[in-house]
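Please read the structure below before turning to the comments.
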Amino acid sequence: MAISQMVGARIHRREDPRLITGSGRYTEDLIQAGTLSMAVVRSPHAHARITGINATQAQAMPGVVAVLTAADFKPLLSGTHPVAPAFVAEKHTVPLRFPIAESEVAFQGEPVAVVVAENRKLASDAAAAVEVDYEPLSAVTDLLKALEPDSPKVQSNLVDNVGWDLTYAAEDTVKDAFAQAEVVVKERILQQRLAPTPIEPRVVRAEYSSFEDQLTLWMSTQNPHLIRLWVSGALGMPETKLRVISHDVGGGFGSKISPYPEDYLVAASAKMLKRPVRWVETRTESLQTTTHGRGQIFDVELAAKRDGTFQALKVVQYLDLGAYIGTWGAFQACACLMAGGAYKWPGGIAARTIGVLTNRVPTDPYRGAGRPEATHLIERMVDMLAAELNMDPAEIRRKNFIQASEFPFTNNFGLTYDSGNYEGALNKALQIVGYSELRQRQQQARQQGRYLGIGLSTWIEMCGFGPSAATVGATGGLGLTESAMVRVHPTGTAQIYVGSHAHGQGHETTFAQIAADTLGLPYESIEIHHGDTEHGPAFAFGTYGSRSLAVGGMAVHKASNKVVSKALKLAAHLLEASPDDVVFDQGRFHVKGNPGNAKTIGEIAFAAYGASLPEGEDHGLEAISYFDPPNFVWPFGAHVCVVEVDPATGGVDLQQYVAVDDCGTIINPLIVEGQLHGGIAQGIAQALFEEVAYDDESGQLMTGTLVDYLVPTANEIPTPVLDRTVTPSPSNPLGVKGIGEAGTIAASAAVINAIVDALRPFGIKHIDMPASPDRVWKEIQAAQGGAR
Amino acid sequence: MIPAAFAYHRASSVEDASQTLAQSGEDAKVLAGGHSLIPLMRLRLAQPSVLVDINGLERDLSYVRRDNGSVRIGALTRHYQIADSDEVKRSLPLLAEIANEVGDAQVRSMGTIGGVLAHADPAGDYGTLALMLDATVVTNKRSIPAHDFFVGLFTTPLAADELVTEVTFPAASGPHKYEKFRRRMSDWAIVGVGAQRMEDGSWRVGVTNAAPTPVRATAVEQALSQGASPADAAKQASQGLNPTADLRGSAEYKRHLAAVLTQRAIEGAS
């Protein structure tokens, strides 16, 4: 075994030079003569019947090749939008979705027709000239109203708006604990809808070759292989006839996992017209039609003893599904299963999830998906109880943490947390931030009429999906694994093809770091390739759920080890020794006790393509592996946020942010820190800035530009102070966990807890997100109506 | 995000621009910095048939001049030029402060003072300063006192063939402050308040984005002149306001904010 050299090294990403010098290759960069542009005619209504489409004028406009509607696509596209079981095996009402509306539209922005023209401008002009007659129907955008029996249905043929209603654990199971509880705190906690807003919107380009009956899709996606599966299925083509290529991807945050109507429409148009077709999403389309995240309401009750010991929890989740159930829309139900957080619940957890259809764009996973919601609700409730009991929020956490000695720990829903030291992370974070001094400062500030607040978030996360056995039901038959193919050339360079697909994660760097140590080859000699279904392993699942390293990186490790095993046999043959006597160290094979006489892996690679191989050994030095983890991985950490609230304006000044996180073994600290910076910024964004808003009456999106949808910038986000503890995962050979979503999972609770802590003198117990100045001010006004 | 088709004319002079506008009718628009117009065009909320680009007229329309008691700013002077101008910093530092907080660096590089005034967006900070200081908006046809210029939401008395060429402010270098309250650094003010102490000791106070037009807080000014404390004077700030509730806050909140910011602007003036 080689001594680690590259694993753990703080090296710059090898992707960066090309990305920051304009040499990246995003899908829109692929400009090829003869490619047509598609523009989508979308519903301006939240709910309406289509009574007529007149394309005569559009059809006659310059450069227009075709105006296509559902009737044109019907012969080419079969099936409906896929809906995975995820965490809700049985759904109730599942509206069927054809990629383009046939007779009824159910959300503003739903495709009604497409225009294909010689360029984007002509397509846009002609799209504006397509006349669609609508008969508006009653819409419902509020998820609680949608549950009322007399509510309009999101589609006129539905009997109700209930996507599902699933009880994971009945209220009965916690009845005793609540009956005996010395104290109960309860709250309704909102999770506003968020728009993922990757900097690169969605882009699809398709080219059909009638010679080979081959369709090639270039697109901005997180999972080329799954897209191949879905789109080839819808087009009725064998998987072999569809190639999906995705070069650089400018962010996804979960919104580029599921297939979209445009994916099918571009592919089918290219096949129909036998010309390359491209569609580039505008920013407004991105805000209006790319799946949203969150959109939930939680009713939570926590039962405890007066000494602060938690007893039991009740959670009801109302999840706004939008007009159709997202492919992974039921993933967010995992918030129920994670609601217990880092704590023990001897009296149990009752949990129920209700998926509600509304006339809005569908929701789907968004960075963290279910786990930020779980963290937010439990961390809020813990602080609420601490305030109720007048206990220190750190102390009440320590009292209830799962202890380091209790791992592996099986939670109330049978999920097994692999490893952890929750109190260790908290103590470290409190030490860095100077917690006791901060509390003194807070006291002094209060005496001066200033409102300083300190918020904690001791988060945990389930990520790294597989294992296949646990996920096969969630996908509807495929078990989540990840694949890698390692090819070592005669000159000792290696190409590694991986199925996970980076959209900012730095796989080309970290995976090469892992392979360099495993193969004993120089880091510079290893190339990582991803994003093309034509090359590498037959199947893969892609990048989301903080799974790439813990599953995909381990596939690289596993395949590299396969190569080393073979190389060892070849080395033994060349050294005229038994394989059992040969050791591999720092890229060199030698007989035990005789390091002077060694063969490098490079020499072995050359010999592998020569004429002197052990009897029965194949030529070549390459291997393919699929890694199937035995469990999820369970990162954790403690975040501390310090704010000062200006009660006159409601403004929140984010003064300090400290994060101590534990993602097990670290491959590249620089990338881990980058993920945390971005993740924390996104969590702060939810806490203070971002919210998708619809007009309740009309169902019109009110946040259709980045002037109204407030993505914060570097000006608004403090640079967090980061530190770590390292508790390796027992579930993979390197002990790694995931860090891609951690910052987002943790941050919103830390910020809101800090704000509520600041506002305690007003008697404020909870505030919803985003804690915008007008909302904070309103809460203070309302509280001042009572005792101060 | 793709504008509708339009004709484009690059003006060779103010006269040429005016003539082109006259010939093109109501659908023509002047393109200066473009930071309000182009986003509207990209969303097809504005679909001008002709764009008259005046960016080639910088030699005539981009300047800062001190003229006795006045500071004259050419309409095409960009925000960063105002913010960086030694003359502005000397003669009307409040204007430099305001210019320095418009949008972000990209907006400040392109956006112009004339464009902001002609667009008459109630969120435009310059309008507040022009109104409270009794500035004059100069066009190719006439001079319009600021209090006659802001007629309503996005509405000015400018004729179809009329271009703003200059804005003339009285010089004022006494204590001043602009309180611009917003959620992100680059946003428009939810509410903004400017306060300027004049040579004669009187105060001028104006409110941004709390009515369809900028509002001069005359009641606050009067209270101050009668010796009221900033806190007491600021209680008058909501007079004459008519804010719209939107995603950034309720009308009630914005009225309240105007008072808070008024007090802070006066107290913070230096």
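Per chain, numbering begins at 1; letters A, B, ... match sequence-line order.
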(request) Flag the one option from B:R42, B:M185, B:R183 with the top tally of heavy-atom pairs under 4.5 Å to chain A. (result) B:R183
(message) Is B:P3 close to chain A through its backbone or its side chain, or both, or neither, when contacts mean heavy atoms under 4.5 Å?
(response) backbone
(message) Which atoms of A:I717 are under 4.5 Å from chain B, going by heavy atoms: the side chain, the backbone, both sets, or neither?
(response) neither
(request) To the nearest 0.5 angstrom, please state how far the CG atom of B:L43 sits from the OG1 atom of A:T705. (result) 6.5 Å
(message) To the closest 0.5 Å, what do you measure between CD (A:E691) and CG (B:L247)?
(response) 8.0 Å
(message) So that I can tick it off, tell me whether A:D708 and B:R248 are bridged by a salt bridge, with the cut-off set at under 4.0 angstrom between side-chain N and carboxylate O.
(response) yes
(message) Quick check on A:E697: does its CD atom have over 12 non-hydrogen neighbours (other residues, nucleotides or ligands) under 6.0 Å away?
(response) no
(request) Assess whether atom CD of A:Q59 is packed by more than 12 heavy atoms of other residues, nucleotides or ligands within 6.0 Å. (result) yes
(message) Please identify, among A:A648, A:G704, A:A128, the residue contributing the most non-hydrogen atom pairs under 4.5 Å to chain B.
(response) A:A648
Kindly list each side-chain donor-acceptor pair under 3.5 angstrom involving residues 681-688 of chain A, sequence neighbours excluded, with atom names and distances?
residue : atom : partner : partner atom : Å
A:Q682  : OE1  : A:R367  : NH1          : 2.5
A:Q682  : NE2  : A:Y366  : OH           : 3.0
A:Q686  : OE1  : A:R294  : NE           : 3.3
A:Q686  : NE2  : A:Q191  : OE1          : 2.7
A:Q686  : NE2  : A:Q192  : OE1          : 3.2

(message) Which heavy atom of A:D774 sits nearest to which heavy atom of B:S250, and what is that distance?
(response) OD2-N, 4.4 Å
(request) Would you confirm whether B:Y253, through its side chain, and A:T649, through its main-chain N or O, come within 3.5 Å as a donor-acceptor pair? (result) yes
(message) For B:K29, I'd like to know if atom NZ has over 12 heavy atoms of other residues, nucleotides or ligands within 6.0 Å.
(response) no
(message) One pair to check against salt bridge (Lys or Arg N to Asp or Glu O under 4.0 Å): A:D125 and B:R44. What are the steps and the verdict?
(response) CA-CA 10 Å; A:D125 286 347; B:R44 297 196 176 207; 2.7 Å; yes
(request) Name the region of A:D695, side chain, backbone, both or neither, that has any atom closer than 4.5 Å to a heavy atom of chain B. (result) neither
(message) Tell me whether B:R184 contacts the main-chain N or O of A:V711 through its side chain, where contact means a donor paired with an acceptor under 3.5 Å.
(response) yes
(message) Taking side chain as everything from C-beta outward and backbone as N, CA, C, O, which of these in A:P201 sits under 4.5 Å from a heavy atom of chain B? Side chain, backbone, both or neither.
(response) neither
(message) Under 4.5 Å from any heavy atom of chain A, what part of B:A5 do you find: side chain, backbone, both or neither?
(response) both
(request) Answer with side chain, backbone, both or neither: which region of A:V652 has an atom nearer than 4.5 Å to a non-hydrogen atom of chain B? (result) neither
(request) Give, for atom CD of A:E716 and atom CZ of B:R182, the distance between the pair rounded to the nearest 0.5 Å. (result) 9.0 Å
(message) Please check if the number of heavy atoms outside B:L45 that lie under 6.0 Å from its CG is greater than 12.
(response) yes
(message) Just so I know, are the side chains of A:W777 and B:E252 near enough to count as touching, which here means a heavy-atom distance under 4.5 Å?
(response) yes
